[in-house]
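Accompanying notes for the structure given below.
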There are 2 protein chains.
Amino acid sequence: MVTQMVLPKSLGERDDDPVFALHRGGKMQIAKTVALQDRVDLSLAYTPGVARVCEAIADDPALIHDYTWIGNTVAVVTDGTAVLGLGDIGPRAAMPVMEGKAVLFKQFGGVDAVPICLDCTDVDELVDTIARLAPSFGGINLEDIAAPRCFEVERRLRERLDIPVFHDDQHGTAVVVLAALSNAVRLIGKEMGDIRVVLCGAGAAGVAVARILLSAGVGDLCVVDRQGLLHRDRADLTQVKLSLAQDTNAADRSGSLGDALKGADVFIGVSGGTVPESAITEMADDAIIFALANPTPEVAPAIAQRHAAVVATGRSDFPNQINNVLAFPGIFRGALDVRARQITEGMKLAAANALAALVRETLSVEYIIPSPLDGRVAPAVADAVSNAARREGVHRR
Amino acid sequence: MVTQMVLPKSLGERDDDPVFALHRGGKMQIAKTVALQDRVDLSLAYTPGVARVCEAIADDPALIHDYTWIGNTVAVVTDGTAVLGLGDIGPRAAMPVMEGKAVLFKQFGGVDAVPICLDCTDVDELVDTIARLAPSFGGINLEDIAAPRCFEVERRLRERLDIPVFHDDQHGTAVVVLAALSNAVRLIGKEMGDIRVVLCGAGAAGVAVARILLSAGVGDLCVVDRQGLLHRDRADLTQVKLSLAQDTNAADRSGSLGDALKGADVFIGVSGGTVPESAITEMADDAIIFALANPTPEVAPAIAQRHAAVVATGRSDFPNQINNVLAFPGIFRGALDVRARQITEGMKLAAANALAALVRETLSVEYIIPSPLDGRVAPAVADAVSNAARREGVHRR
């Protein structure tokens with residue numbers, strides 16, 4: 001018999017707001033998938049029967065994927081230091097976002113995701129804590145962890161664990177940006193190798209977008225942070241930014257975002273700043289503008305449309321919404337399906353390509369990427385990711 | 001759209017066993033409690049709406065209980081070092097048991113429990129890891145952590161956290177034993193203050209049973225471990241056992257279990273050893289025997305019944321099953337309902353009393369404790385625990 005939680009009576013006013021009313025009691029729950037009606041049920045699902053399953057896993061740990069829920073689970077882990085555009089609001093205030101991710105995982109990927117908000121921010125502590133948790137999950141989705149520590153946390157966990165570790169703010173964004181950009185470039189009749197791209201923002205998303213664009217063969221890529229163009233001689237760069245400066249900006253130019261944008265084919269903003277219209281007007285003909293800051297794009301869509309052939313934002317109220325939900329449910333679905341040991345560059349590129357291919361036949365300036373609600377997305381991404389994992393030999397079945 | 005996990009085809013033979021067939025894919029899943037069908041749903045449950053809920057919790061952290069699922073969640077945490085009677089089988093092999101606990105939590109208490117199997121066994125590491133996880137949950141149910149480290153892990157977490165921390169192997173067992181014993185003593189017409197109890201086993205369960213019996217006013221209690229009676233002069237005792245020796249065995253006797261049982265009113269076994277019939281025959285008239293080792297009771301029930309007025313075991317195929325599932329779902333239900341900061345001695349005693357009271361009108365030697373499937377149990381225990389928490393001032397609503 002299930003007893004009901006006593007509901008408090010004092011918060012009625014706040015719940016007049018539909019957002020708070022929907023969040024009352026949270027957005028998810030645990031559900032049993034087995035019956036527990038009689039002594040026979042109990043003896044199978046719990047003692048004494050369960051002991052035989054434990055012994056089988058002790059003998060062959062791989063069986064944990066077959067006979068527990070972890071074969072279908074992902075931990076959505078944050079330290080609450082870079083939540084949406086709200087910044088460092090702590091692990092408790094981050095929980096509604098992590099629950100949101102979890103229900104998106106379930107809805108679109110059929111993945112059982114558990115929100116884990118950690119009360120620590122030190123890199124060593126984060127790595128140790130997440131590694132100790134890892135036997136409980138089939139994968140680790142890092143979320144809303146501030147740069148630059150997010151890079152080291154992910155790198156060390158990838159080295160230490162043999163399950164997929166994926167910082168969604170980095171790689172989810174990168175996959176969707178690449179999918180959208182490859183379609184936009186196709187639409188204006190250019191090639192990835194010939195375009196000049198200016199990427200504004202060198203945080204978690206910026207670094208990952210830069211890396212995937214390099215992998216995808218973008219010929220000329222410059223990255224800009226608050227102090228201007230990343231180049232090799234800047235003395236103020238973190239290790240991650242210095243490495244990025246070495247791998248981009250082939251002409252080793254310095255200067256401002258405005259300088260960089262002169263003649264550029266593509267502007268991608270993942271920074272949250274504001275770009276003046278005067279800078280946009282100097283871009284090349286048939287320019288592409290992805291202004292992804294949320295809720296306020298770096299370039300207002302109405303202004304962008306005056307100067308660019310293709311415009312995308314992160315917002316649901318404009319065409320071409322670049323949203324991570326197009327990537328993470330399918331990527332983890334595909335990784336879990338083949339019990340991948342990790343999520344490789346090849347798997348991310350395959351995800352981006354599958355996503356782009358879904359709209360390739362019906363491409364238009366207002367439709368370079370599928371809708372987040374398009375039911376074809378996660379299965380197509382999952383298939384592509386599973387196949388790539390098998391090609392690269394990181395699968396376990 | 002939910003894609004389905006690809007099911008492996010190679011394990012058919014093992015699945016001819018109904019236990020393995022039932023465990024295929026695990027016993028639980030995540031379920032959404034909100035709709036995600038259109039852009040409006042997404043904007044409420046995720047961005048941009050969710051940001052307002054995050055900000056409200058950042059301003060007033062107590063709101064996390066109202067607007068996330070943690071108000072109804074418990075982490076079922078183990079290090080896999082003392083799983084059932086299987087011992088130290090590690091975190092992965094422990095998962096089926098933790099999932100089993102989670103589904104029992106849901107079935108009987110309506111509690112959303114998440115199994116967490118940790119890849120560490122050091123006390124400091126366990127305490128730090130669980131404390132860092134704590135913002136994600138409304139309570140911590142420790143499970144199958146070996147003695148004596150389980151005592152320190154629980155003590156330090158109770159000091160550090162302001163949510164209930166409860167080692168079920170200790171306190172769940174203790175609550176149910178006390179409930180059963182108080183009814184058994186009533187049945188044979190004695191008083192708790194007048195009985196002489198011999199408790200065999202000084203591990204997690206033994207220590208907690210001893211403590212709750214002392215709290216309940218048992219007059220003469222002796223504890224026996226593998227080396228015999230605990231008494232103050234034994235040089236081989238851990239700190240926990242020494243403390244127990246000081247608080248029990250008032251006559252400071254030494255000797256074997258057999259010595260202790262001469263004239264004793266009650267034997268409680270939580271040790272897994274075997275007690276010879278000859279030792280039982282020397283107990284007092286109208287003896288009470290609780291032989292709780294599973295699957296093999298310390299005294300075979302047929303033998304126990306020849307020499308005792310009331311017999312209980314841990315097994316489902318004999319009358320009077322002492323099973324923790326009678327305690328933990330209701331205890332956490334009651335604690336979560338009032339947002340208790342901890343689970344106090346008073347709350348445990350109240351749980352035991354409520355459990356005993358359920359069968360007091362229909363007491364018989366074969367019915368001193370309700371069935372684990374009795375739907376009245378969790379609500380009655382939860383009510384008693386909530387009320388006790390309010391009396392003791394550890395409630396937050």
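In the text below, chain A, chain B and the rest are named by the order of the sequence lines, each starting its count at 1.
D112(A) is not listed as a side-chain neighbour of V74(A), based on a closest heavy-atom distance of 4.5 Å or more. A heavy-atom distance below 4.5 Å is found between the side chains of P372(A) and Q321(A).
Of the atoms belonging to T47(A), it is side-chain heavy atoms, and not backbone ones, that fall under 4.5 Å from chain B. Neither the backbone nor the side chain of A75(A) has a heavy atom closer than 4.5 Å to any heavy atom of chain B. Contact of L373(A) with chain B is made through the side chain alone, with heavy-atom distances under 4.5 Å. Contact annotation for F20(A): both backbone and side-chain heavy atoms come within less than 4.5 Å of a heavy atom of chain B. P96(A) touches chain B through backbone and side chain together, each having a heavy atom under 4.5 Å away. For A102(A), no part lies near chain B; criterion is any non-hydrogen pair under 4.5 Å. If you measure heavy-atom distances from L104(A) to chain B, the contacts under 4.5 Å come from both the backbone and the side chain. Proximity to chain B (any heavy atom under 4.5 Å) is shown, for F105(A), by neither the backbone nor the side chain. Both the backbone and the side chain of Q29(A) come within contact range of chain B, each with at least one heavy atom under 4.5 Å from a heavy atom of that chain. For chain A, the nearby part of I64(B) is the side chain; its heavy atoms alone come within less than 4.5 Å. Proximity to chain B is limited to the side chain of L86(A), based on heavy atoms less than 4.5 angstrom apart. Proximity to chain B involves both the backbone and the side chain of L118(A), based on heavy atoms less than 4.5 angstrom apart.
Among all heavy-atom pairs drawn from R333(B) and A382(B), the shortest one is CG-CB, 3.6 Å. Between V83(B) and D144(B), the shortest heavy-atom distance links the atoms CA-OD2, 3.4 Å. For the residue pair G26(B) and T33(A), the shortest heavy atom distance occurs at O-OG1, 3.4 Å. The two residues K27(A) and V103(A) have their closest heavy-atom pair at O-CG1, 3.3 Å.
Looking at R315(B) and N323(B), their side chains never bring a donor and an acceptor atom within 3.5 Å of each other.
Between R39(A) and D317(B), no side-chain nitrogen of the basic residue sits less than 4.0 Å from a carboxylate oxygen of the acidic one, so the salt-bridge criterion is not met. Between R339(A) and D66(A) there is a salt bridge, with a side-chain nitrogen of the basic residue lying less than 4.0 Å from a carboxylate oxygen of the acidic one. Here D119(A) does not pair with R160(B) in a salt bridge; the nearest charged N to carboxylate O distance is not below 4.0 Å.
Taking A45(B), C120(B), P91(B) one by one and counting their heavy-atom pairs under 4.5 Å with chain A, the maximum is reached by A45(B). When each of G80(A), A51(A), A131(A), A35(A) is checked for heavy-atom pairs under 4.5 Å with chain B, A51(A) comes out on top. Of all the listed residues (L84(A), I130(A), D41(A), I89(A)), the one sharing the greatest number of non-hydrogen pairs under 4.5 Å with chain B is L84(A). Considering only heavy-atom pairs separated by less than 4.5 Å from chain A, the leading option among P115(B), P61(B), A134(B), P329(B) is P115(B). In terms of non-hydrogen atom pairs under 4.5 Å with chain B, the most contact-rich of A31(A), G100(A), A21(A), G49(A) is A31(A). Between chain A and the options V114(B), D79(B), V97(B), heavy-atom pairs under 4.5 Å are most frequent for V97(B). Between chain A and the options R52(B), E125(B), H23(B), heavy-atom pairs under 4.5 Å are most frequent for H23(B). Ranking I70(B), T73(B), T129(B) against chain A, the residue ahead of the rest is T129(B), based on heavy-atom pairs under 4.5 Å. When each of A113(A), G314(A), S386(A) is checked for heavy-atom pairs under 4.5 Å with chain B, A113(A) comes out on top. Interface check for chain A: of the options V34(B), D59(B), T68(B), the most heavy-atom pairs under 4.5 Å are formed by T68(B).
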For V381(B) and V385(B), what are the C-alpha separation, side-chain angles and deciding distance, and is it a side-chain contact (heavy atoms from CB on, under 4.5 Å)? CA-CA 6 Å; V381(B) 170; V385(B) 167; 4.1 Å; yes

If you apply the rule side-chain contact (heavy atoms from CB on, under 4.5 Å), what do you find for W69(B) with E99(A), and how did you get there? CA-CA 8 Å; W69(B) 81 326; E99(A) 275 188 39; 3.3 Å; yes

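A cation-pi arrangement is absent between K101(B) and Y46(A) under the rule of less than 6.0 angstrom and at most 45 degrees off the ring axis.
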